[in-house]
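Quick notes on the structure that follows.
Keep in mind that what you see is a predicted model, and the values were worked out from it rather than measured.
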Amino acid sequence: MFDQKLQKQRSNNISWDEFFMGIAKLAAMRSKDPNTQVGACIVGSDNRILSIGYNGTPNGIEDDNFPWDREGDPLQTKYLYVCHGEMNAILNYRGSRKELENAKIYVDLFPCNECAKLIIQSGIKEVIYLCDKYADTDGVKASKAMFDQVGIKYHMLKIEEDHDLILTFNKNI
């Protein structure tokens, strides 16, 4: 049946982890936050995307009507108004809770303590992240303590080399 020489498959394709992190990075590009864009991609145990989210204001709130500053009077900064990417991915999910159990979440930035609580409550069992720049903060220390307590695995995505994600929208494929 296969007596003809078969063409070899591409060898430079990306891994599942790189693919799902790429989806999270693409989702992050929807964020209007001028400083930090975070995307999240929740994936079932069968490598099926269950949900996606990014950081932004709650539904129905006009982004231009609220501040994006990082410092100053708390009511004039973004922190009291913005939903994180992990929160939005969990809230955007429309399937049964059973499918979220044992799922993985891919995120740009290690989850804060508030998102860690949502991840735990949702049943997600693994967190894969790109950056842990706030590792020394109390919020991230609390996240890790909670994850450790309930057995949620977490690890930084190991990438052999940096990849540029370039999308070209071309009608002539």
Are any of the side-chain heavy atoms of Leu109 and Leu130 separated by less than 4.5 Å? no

Shortest non-hydrogen contact from Lys141 to Ala135? CG-O, 3.8 Å

Using side-chain hydrogen bond (donor to acceptor under 3.5 Å, both in side chains) as the criterion, list what pairs up with Arg94, not counting sequence neighbours. none

hydrophobic_cluster_shared for Tyr54 and Ile49, side chain cutoff 4.5 Å: no

Do Thr36 and Val38 have side chains that approach each other closer than 4.5 Å (heavy atoms only, starting at C-beta)? yes

All heavy atoms of Ser122 vs all of Leu100, minimum pair found to be O-CB, 3.5 Å

Do the side chains of Met146 and Lys117 get nearer than 4.5 Å, heavy atoms only? yes

Within 6.0 Å of CD in Glu62, more than 12 heavy atoms from elsewhere: yes

Could you please spell out the steps behind the side chain to side chain contact (heavy atoms under 4.5 Å, CB included) verdict for Phe66 and Leu80? CA-CA 10 Å; Phe66 285 87; Leu80 296 176; over 6 Å; no

If you group Ile, Leu, Val, Met, Phe, Trp and Tyr by side-chain heavy-atom gaps below 4.5 Å, do Ile14 and Leu157 land in one group? yes

Kindly work out whether a path of hydrophobic side-chain contacts (I/L/V/M/F/W/Y, heavy atoms less than 4.5 Å apart) joins Ile90 to Val43. no

Might you confirm whether atom CG of Asp138 has over 12 heavy atoms from other residues, nucleotides or ligands at distances under 6.0 Å? no

Transitively linked via ILVMFWY side-chain contacts under 4.5 Å: Ile124 with Ile152? yes

Closest contact, heavy atoms only, Val107 versus Ala40: CG1-CB, 3.7 Å

Excluding sequence neighbours, so at least two apart, what forms side-chain hydrogen bond (donor to acceptor under 3.5 Å, both in side chains) with Asp69? none

Would you please test Asn102 and Ser45 for side-chain hydrogen bond (donor to acceptor under 3.5 Å, both in side chains) and show each step? CA-CA 7 Å; Asn102 300 314; Ser45 58; over 6 Å; no

Output the distance between atom NZ (Lys125) and atom CD (Glu101), rounded to the nearest 0.5 Å. 7.5 Å

I'd like to know if the side chain of Asp108 and the backbone of Gly39 have a donor-acceptor N/O pair within less than 3.5 Å. yes

Taking all non-hydrogen atoms of both residues, which atom of Glu99 and which atom of Gly95 are closest, and how far apart? OE1-CA, 3.9 Å

Looking only at heavy atoms, which two atoms of Tyr154 and Asp148 are closest? And how far apart? OH-OD1, 3.0 Å

Please round to the nearest 0.5 Å and tell me the distance separating atom SG of Cys83 and atom CG of Asn59. 8.0 Å

Return the orientation label for the Trp16 and Phe20 ring planes: parallel under 30°, perpendicular over 60°, tilted otherwise. parallel

Does any pair with a residue in residues 73-90 pass side chain to side chain donor-acceptor pair (under 3.5 Å), and if so which ones, sequence neighbours excluded? Asp33-Lys78

Is the closest side-chain heavy-atom distance between Ile128 and His155 below 4.5 Å? yes

Below 4.5 Å, heavy atoms only, C-beta onward: do Ile42 and Tyr106 meet side chain to side chain? no

Looking at side-chain heavy atoms only, is the closest gap between Lys104 and Asn47 below 4.5 Å? yes

In terms of hydrophobic clustering (I, L, V, M, F, W, Y; side-chain heavy atoms under 4.5 Å; direct or indirect links), are Phe110 and Leu118 co-clustered? yes

In this structure, CG of Asn35 is separated from CG of Asn55 (nearest 0.5 Å) by 10.5 Å

What one should report as the nearest heavy-atom pair of Ile23 and Cys41 is CG2-SG, 3.8 Å

Spell out, as yes or no, whether a donor-acceptor pair under 3.5 Å connects the side chain of Ser143 to the backbone of Pro111. yes

Report yes or no: does Thr137 contribute a side-chain atom to a donor-acceptor pair with the main-chain N or O of Tyr134 at less than 3.5 Å? yes

A quick test of your reading: do over 12 heavy atoms of other residues, nucleotides or ligands sit less than 6.0 Å from CD of Gln121? no

Lys144 and Asp132: side chain to side chain contact (heavy atoms under 4.5 Å, CB included), yes or no, with the steps? CA-CA 11 Å; Lys144 290 177 180 176; Asp132 196 6; 2.6 Å; yes

Ser51 and Asn92: CA distance, side-chain angles, deciding distance, side-chain hydrogen bond (donor to acceptor under 3.5 Å, both in side chains) verdict: CA-CA 6 Å; Ser51 188; Asn92 287 340; 4.8 Å; no

